[in-house]
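Please read these numbers as outputs of a predicted model, since none were measured by experiment. Order of appearance sets the numbers: ligands from 1, and atoms from 1 within every ligand.
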Amino acid sequence: MIVAIDGPAGAGKSTISRMIADRYGWTYLDTGAIYRTVTLLALEQGISPGDGGELGRLARNAEIGFQPGPEGAPRVFAGCREVTAAIRSLEVTGNVSEVSAQRQVREALLEKQRQCAAAGNVVVDGRDIGTVVFPNAEVKIFLTASVGERARRRRLELDGKGVHVDQEQMEKDIAARDDYDSGREVAPLKAAGDAVMVDTTSLTIEQVVNRVAEIIDREQET
Ligand code: DC
């Protein structure tokens with residue numbers, strides 16, 4: 001079974017996907033990490049985030065891999081080098097929307113994402129999983145939450161890593177990323193017509209996991 005979990009930044013996709021994968025013993029594929037790794041490599045190689053041609057080449061040749069990590073959080077590799085922490089830097093986060101809006105990048109990464117999920121039961125999170133990457137996914141969830149709540153979650157996550165950003169700035173960054181991800185021409189962030197919308201603003205993590213599990217269980221019974 002393929003479970004597609006899409007939604008904007010900070011809606012809880014990776015936490016929920018990881019916990020669902022853990023509950024069912026399935027694989028978790030974090031597609032944002034793939035776009036982030038291409039962005040990291042581009043920054044390191046001095047490729048402009050607007051240079052679709054060069055970025056497409058980079059994305060096609062990049063060897064991006066995952067290994068199981070602590071608490072179900074996958075470790076991410078570019079070739080043999082671990083990039084798990086580096087792809088979460090503010091610099092990568094600030095450039096990933098522009099890189100991921102490039103058509104050549106998305107084309108190059110489409111097949112990689114499909115191959116990663118070829119093994120069977122998988123929970124895939126991203127922006128275009130239910131619409132473009134796996135339009136036939138058996139379960140499609142669109143997670144949302146208010147901008148204020150999503151900014152608060154991201155801020156707390158960064159606080160935990162010793163990076164302090166104020167709420168107002170974080171709300172601006174999140175809103176800008178939403179606009180960019182939803183407004184791009186290729187595979188914009190949007191809910192698939194057959195996705196189940198789950199607003200997580202006032203739900204606990206456990207409540208969201210249970211809600212998603214109910215949807216999966218119902219699908220498994222049919
Ligand atoms: O989920 P995340 O914050 O790690 O994603 C980083 C960026 O990657 C996000 O701003 C948009 C892009 N992305 C995408 O365009 N398509 C995906 N399937 C996943 C992420």
Side-chain angles (χ1 to χ4, degrees), residues 2-18 28-43 49-50 52 55-56 58-59 62 64 66 69 73-76 78 83-117 122-135 137 140-145 147 150-151 153-155 157-158 161 163 165 170 172-192 195 200:
I2 293 179
V3 177
I5 302 198
D6 289 304
K13 296 184 302 296
S14 61
T15 305
I16 302 304
S17 301
R18 216 185 284 158
Y28 164 43
L29 175 61
D30 174 359
T31 63
I34 300 177
Y35 286 96
R36 284 173 178 274
T37 302
V38 170
T39 303
L40 174 71
L41 298 175
L43 290 168
L55 289 169
L58 175 70
I64 303 169
F66 295 92
R75 296 169 69 196
V76 188
V83 295
T84 313
I87 61 169
R88 306 282 160 198
S89 71
L90 289 177
E91 202 193 358
V92 169
T93 301
N95 285 282
V96 65
S97 279
E98 190 174 357
V99 169
S100 60
Q102 306 301 324
R103 182 179 44 81
Q104 297 93 327
V105 172
R106 303 204 75 85
E107 282 171 4
L109 296 182
L110 188 58
E111 209 37 52
K112 280 190 206 282
Q113 294 171 77
R114 290 185 175 152
Q115 280 163 7
C116 284
V122 63
V123 183
V124 191
D125 87 8
R127 302 293 189 288
D128 60 339
I129 307 305
T131 49
V132 175
V133 184
F134 295 112
K140 298 181 186 178
I141 311 282
F142 196 84
L143 285 189
T144 58
V147 172
R150 291 189 283 124
R153 293 177 190 167
R154 272 287 146 102
R155 199 165 47 73
E157 193 183 323
L158 286 172
K161 294 177 187 161
V163 179
V165 184
M170 192 49 97
K172 275 194 195 142
D173 291 355
I174 291 248
R177 203 134 73 90
D178 283 357
D179 282 351
Y180 212 118
D181 294 345
S182 315
R184 69 179 175 224
E185 270 178 36
V186 196
L189 164 68
K190 70 165 190 245
T200 71

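For Asp181, the side-chain contact (heavy atoms from CB on, under 4.5 Å) partners are Ser97, Arg127, Arg177, Arg184, Leu189, not counting sequence neighbours. Residues that satisfy the side-chain contact (heavy atoms from CB on, under 4.5 Å) test with Ala33, not counting sequence neighbours, are Asp30, Phe66, Val76, Ile87, Arg88. Applying the side-chain contact (heavy atoms from CB on, under 4.5 Å) test to Glu98 and every residue at least two apart in sequence or in another chain returns Pro49, Gln102, Tyr180.
A donor-acceptor pair under 3.5 Å is formed between the side chain of Lys112 and the backbone N or O of Ala62.
Side-chain contact of Arg36 with Ser100: a donor-acceptor pair under 3.5 Å is absent, judged by distance alone.
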Which pairs of N or O atoms, one from ligand 1 and one from the protein, are separated by less than 3.5 Å, and what is the distance for each pair?
{"residue": "ligand 1", "atom": "1 (O)", "partner": "Arg127", "partner atom": "NH1", "Å": "2.9"}
{"residue": "ligand 1", "atom": "3 (O)", "partner": "Arg36", "partner atom": "NH2", "Å": "3.2"}
{"residue": "ligand 1", "atom": "3 (O)", "partner": "Arg127", "partner atom": "NH2", "Å": "3.4"}
{"residue": "ligand 1", "atom": "3 (O)", "partner": "Arg177", "partner atom": "NH1", "Å": "3.3"}
{"residue": "ligand 1", "atom": "4 (O)", "partner": "Arg36", "partner atom": "NE", "Å": "2.7"}
{"residue": "ligand 1", "atom": "10 (O)", "partner": "Ser97", "partner atom": "OG", "Å": "3.4"}
{"residue": "ligand 1", "atom": "10 (O)", "partner": "Arg177", "partner atom": "NH1", "Å": "2.7"}
{"residue": "ligand 1", "atom": "10 (O)", "partner": "Asp181", "partner atom": "OD2", "Å": "3.0"}
{"residue": "ligand 1", "atom": "15 (O)", "partner": "Arg106", "partner atom": "NH1", "Å": "2.8"}
{"residue": "ligand 1", "atom": "15 (O)", "partner": "Arg106", "partner atom": "NH2", "Å": "3.3"}
{"residue": "ligand 1", "atom": "15 (O)", "partner": "Arg184", "partner atom": "NH1", "Å": "2.8"}
{"residue": "ligand 1", "atom": "15 (O)", "partner": "Arg184", "partner atom": "NH2", "Å": "3.0"}
{"residue": "ligand 1", "atom": "16 (N)", "partner": "Arg106", "partner atom": "NH2", "Å": "2.9"}
{"residue": "ligand 1", "atom": "18 (N)", "partner": "Thr31", "partner atom": "OG1", "Å": "3.0"}
{"residue": "ligand 1", "atom": "18 (N)", "partner": "Arg127", "partner atom": "N", "Å": "3.1"}
{"residue": "ligand 1", "atom": "18 (N)", "partner": "Asp128", "partner atom": "OD1", "Å": "2.9"}

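The existence of a salt bridge linking Arg150 and Asp178 is confirmed by a sub-4.0 Å separation between a basic side-chain nitrogen and an acidic carboxylate oxygen.
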